[in-house]
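I have placed the structure first, in the form of structure tokens, so that the comments after it can refer back to it.
As a basis for the values below, the full set of heavy atoms in this structure was taken, side chains included, without hydrogen atoms, waters or symmetry mates. Just so it is clear: chains get the letters A, B, ... in the order the sequence lines come, proteins before strands, and each one is counted from 1. Here the structure is a predicted model, which is why all the values come from computation and not from measurement.
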There are 4 protein chains.
Amino acid sequence: MATSKTTAAEKRRLILDAAVRVFARQGFHTCRVSDIADEAGVAYGLVYHYFRSKDEVLDTLFRDRWSLMTALIEDVDGRDMPTRDKLRQITSFIFDSYRHDPELMKVIIVEVTRAANSFGQTHLQEIRGAYEGIARIVEHGQERGEIRGDVTSQFAAMAFYGAIEQVLTSWIFELLPFGEAEAEQAKTLIVETICGGLDARSA
Amino acid sequence: MATSKTTAAEKRRLILDAAVRVFARQGFHTCRVSDIADEAGVAYGLVYHYFRSKDEVLDTLFRDRWSLMTALIEDVDGRDMPTRDKLRQITSFIFDSYRHDPELMKVIIVEVTRAANSFGQTHLQEIRGAYEGIARIVEHGQERGEIRGDVTSQFAAMAFYGAIEQVLTSWIFELLPFGEAEAEQAKTLIVETICGGLDARSA
Amino acid sequence: MATSKTTAAEKRRLILDAAVRVFARQGFHTCRVSDIADEAGVAYGLVYHYFRSKDEVLDTLFRDRWSLMTALIEDVDGRDMPTRDKLRQITSFIFDSYRHDPELMKVIIVEVTRAANSFGQTHLQEIRGAYEGIARIVEHGQERGEIRGDVTSQFAAMAFYGAIEQVLTSWIFELLPFGEAEAEQAKTLIVETICGGLDARSA
Amino acid sequence: MATSKTTAAEKRRLILDAAVRVFARQGFHTCRVSDIADEAGVAYGLVYHYFRSKDEVLDTLFRDRWSLMTALIEDVDGRDMPTRDKLRQITSFIFDSYRHDPELMKVIIVEVTRAANSFGQTHLQEIRGAYEGIARIVEHGQERGEIRGDVTSQFAAMAFYGAIEQVLTSWIFELLPFGEAEAEQAKTLIVETICGGLDARSA
DNA sequence: TATGAATGAGGCTTCATTCAT
DNA sequence: TATGAATGAAGCCTCATTCAT
């Protein structure tokens with residue numbers, strides 16, 4: 001009796017979860033608000049009870065998730081560990097996020113991060129925040145002599161993040177096969193590629 | 001008399017060029033067909049004489065440009081030069097393309113390549129073709145012992161292309177400063193980062 | 001304890017008073033039921049405990065006030081005084097009403113009396129009642145030889161009431177300045193204009 | 001052949017005329033844009049080809065008509081005739097307008113002039129212009145000694161216009177009977193009432 | 001080839017009202 | 001009495017596309 005009722009927060013969550021599925025399936029622009037409501041099993045208007053607009057639903061999904069990442073980046077930066085490991089932590093976090101909730105990640109990548117011209121513009125500052133956090137990690141690595149100094153930290157951050165996002169995109173659109181093993185292996189490959197470089201070493 | 005008339009092909013070109021400016025400025029979804037016509041200084045319906053639909057205008061812009069890149073990748077792959085130089089050739093081509101026609105490149109990146117859910121889907125095979133071409137170059141590099149073998153060629157291609165696209169996106173949305181010097185320097189940085197790796201070397 | 005509780009009637013009054021402020025500020029159609037509730041500091045649904053609908057709130061405001069006027073008109077008609085004074089009594093009542101509660105009068109004029117296509121229709125009979133009351137006063141004036149007989153009483157009533165309402169409207173929309181003095185002066189001017197006429201008299 | 005085609009201007013007119021009928025019948029807020037299109041026998045979107053919005057249709061109807069009235073007021077003011085005749089000219093113009101096109105006048109009065117809180121606000125300045133024109137006529141009458149000086153010209157203008165509008169409203173809502181004869185008689189009655197006054201004169 | 005008037009489907013949002021607690 | 005979550009109908013506007021000339 002006590003637990004049989006859905007609270008307001010749960011209903012809100014219900015709608016957000018439904019939105020993830022619908023956005024992932026049909027795309028943000030292609031889906032209608034009624035699709036979200038139907039998927040959530042609630043009335044049309046209820047979406048507008050909890051969110052100001054269709055945009056705000058996506059906003060919420062993005063911000064909730066993205067803030068976790070920027071927080072992680074900040075956290076990792078403060079830790080006492082080799083820069084390589086820091087970058088691996090970030091890679092792990094992102095790839096694990098995809099493993100745990102590929103639909104949500106698809107939405108964030110496809111509809112926000114990579115849709116820079118429409119929705120991305122709105123969140124450019126938040127996105128930039130993550131890039132800057134990564135750049136700071138690189139910078140600290142350079143100060144500690146772990147990272148070469150002839151590549152600017154900002155450029156390095158872009159290359160690193162760009163590589164990660166491209167891999168995610170490959171998985172999303174099935175250009176590369178995805179699975180537990182692939183995800184795990186990719187963590188190593190990203191760090192090996194970006195930190196170690198593609199060149200074959202004589203040593 | 002003979003030269004005062006614009007030929008059909010020229011009119012078509014006029015519309016395509018106008019479309020680039022309008023798509024770059026307003027985005028594909030935000031602009032109307034009439035905006036293209038206005039920008040081109042032609043009548044509304046004429047766009048439909050030369051193109052089946054608004055989509056086809058963007059399709060044309062993308063294909064015309066993208067085919068040049070896949071052609072270049074094929075061409076470069078066949079040349080007898082170090083893999084590093086091959087990758088640099090590709091990087092050069094892309095960054096020079098942006099330098100010469102930033103609006104067109106913006107449209108292709110923002111509206112097609114990174115709009116994977118809408119136009120990207122349509123052109124997925126063509127886009128994949130470029131990735132595969134790059135992967136082949138990496139593979140040949142591995143065969144020749146220039147590229148390490150513990151990173152799969154497809155993964156390496158993604159990291160490489162992802163880094164490039166992320167840099168382009170940074171320029172487009174002014175997350176990184178752009179200019180002649182930056183573009184030139186970026187060619188080196190991409191290759192240094194991806195091939196050389198970010199690690200500081202003792203040697 | 002006994003006095004700290006608001007009675008039902010008081011709550012109802014609270015809502016009505018809030019409605020006046022909200023209707024006056026935003027207009028009946030532009031405001032939402034929740035605006036009224038917010039203004040009254042009560043819960044959304046409570047408005048529906050005391051009123052069947054949003055319409056009924058306005059209906060109530062109108063009827064409560066308008067009935068006072070028709071009552072006054074009846075009352076005045078029965079008094080033994082010159083017709084001019086009767087008309088002045090009515091003018092006084094209306095202008096004083098505006099002075100005492102300009103927001104309520106604004107609502108009644110703007111949202112009911114002058115909104116003939118929506119609420120006016122509903123209350124047409126009640127509104128007509130007032131016109132007829134005034135017409136009767138004119139008629140009695142004609143019978144007593146105080147009012148010229150070549151203007152029909154109904155027409156005279158319309159001219160009289162129309163002039164009053166136009167002055168009210170002018171105040172409401174600040175086409176004419178309003179204040180204590182202006183309100184007082186207007187009472188005389190209305191009667192002088194309508195009864196005395198605008199013509200300059202030689203006498 | 002030459003006359004069988006409807007020109008663009010005629011189509012626009014077609015829509016405006018249909019709008020008058022629909023607005024008069026259902027009221028501006030109650031009718032849908034599709035009602036206008038249906039009444040005009042054109043496609044939904046065509047209304048938006050000729051007008052920016054539903055509002056603009058009403059705007060156009062109002063402005064086209066109202067400008068005629070302000071023009072007339074200006075014109076009449078410049079003529080060399082007794083003030084009484086000037087006011088009669090204005091009254092004639094308005095009542096004739098109603099006689100010729102009662103639906104259009106109903107729309108203007110009910111949906112704009114008297115709907116001061118919604119649409120009226122938009123046109124307040126234009127409406128005010130007419131009042132001021134009438135006030136100027138009264139003022140000139142006062143200067144020439146034809147109109148009493150103890151009633152301000154602005155107040156007199158309000159009383160005069162208010163009386164007219166109230167009569168129109170009475171006809172519109174059938175509070176007073178309307179016909180050729182009534183309209184003609186009303187012209188005299190308005191002037192007699194406002195200029196002559198309701199008082200019975202001993203002379 | 002060229003024009004631009006004409007078409008009409010589609011979707012977001014608002015908000016009065018109901019109802020379970 | 002009191003609350004506010006839940007419902008869902010209704011309508012304006014956009015704009016890609018067609019078509020008659």
What are the two closest non-hydrogen atoms of [X] and [Y], and how far apart are they?
| X | Y | answer |
| --- | --- | --- |
| C/Val22 | C/Asp35 | CG2-O, 3.8 Å |
| C/Val110 | C/Ala115 | O-CB, 3.6 Å |
| B/Lys106 | B/Ala24 | NZ-O, 3.1 Å |

Could I get the full list of ring-ring contact (aromatic ring centres under 6.0 Å, His included) partners for [X], not counting sequence neighbours?
| X | result |
| --- | --- |
| A/Phe28 | A/Phe23, A/Phe119 |
| D/Phe51 | none |
| C/Phe62 | C/Trp66, C/His123 |

> Tell me, which of residues 30-58 of chain B have any heavy atom that sits under 4.0 Å from an atom in DNA chain F?
Replying inline: B/Cys31, B/Arg32, B/Val33, B/Tyr44, B/Tyr48, B/Ser53, B/Lys54

What is the distance, rounded to the nearest whole Å, between atom [atom1] of [X] and atom [atom2] of [N]?
| X | N | atom1 | atom2 | value |
| --- | --- | --- | --- | --- |
| D/Leu14 | E/dA5 | CG | C1' | 14 Å |
| B/His29 | F/dT14 | NE2 | P | 18 Å |
| C/Glu10 | F/dT1 | CD | P | 12 Å |

> Which dot-bracket string describes DNA chain E (Watson-Crick N1-N3 plus N6-O4 or O6-N4, or G-U N1-O2 and O6-N3, all under 3.5 Å; [ ] crossing; | other strand)?
Replying inline: .||||||||||||||||||||

> Under 4.0 Å between a Lys/Arg side-chain N and an Asp/Glu carboxylate O for C/Glu165 and D/Arg114?
Replying inline: yes

With a 3.5 Å cut-off and sequence neighbours excluded, list the donor-acceptor pairs that the side chains of residues 36-49 of chain B form with protein atoms.
from    : atom 1 : to      : atom 2 : distance (Å)
B/Glu39 : OE1    : B/Arg25 : NH2    : 2.7
B/Glu39 : OE2    : B/Arg21 : NE     : 2.7
B/Glu39 : OE2    : B/Arg21 : NH2    : 3.4
B/Glu39 : OE2    : B/Arg25 : NH2    : 3.4

> Does C/Lys11 put a side-chain nitrogen or oxygen below 4.0 Å from OP1 or OP2 of F/dT1?
Replying inline: no

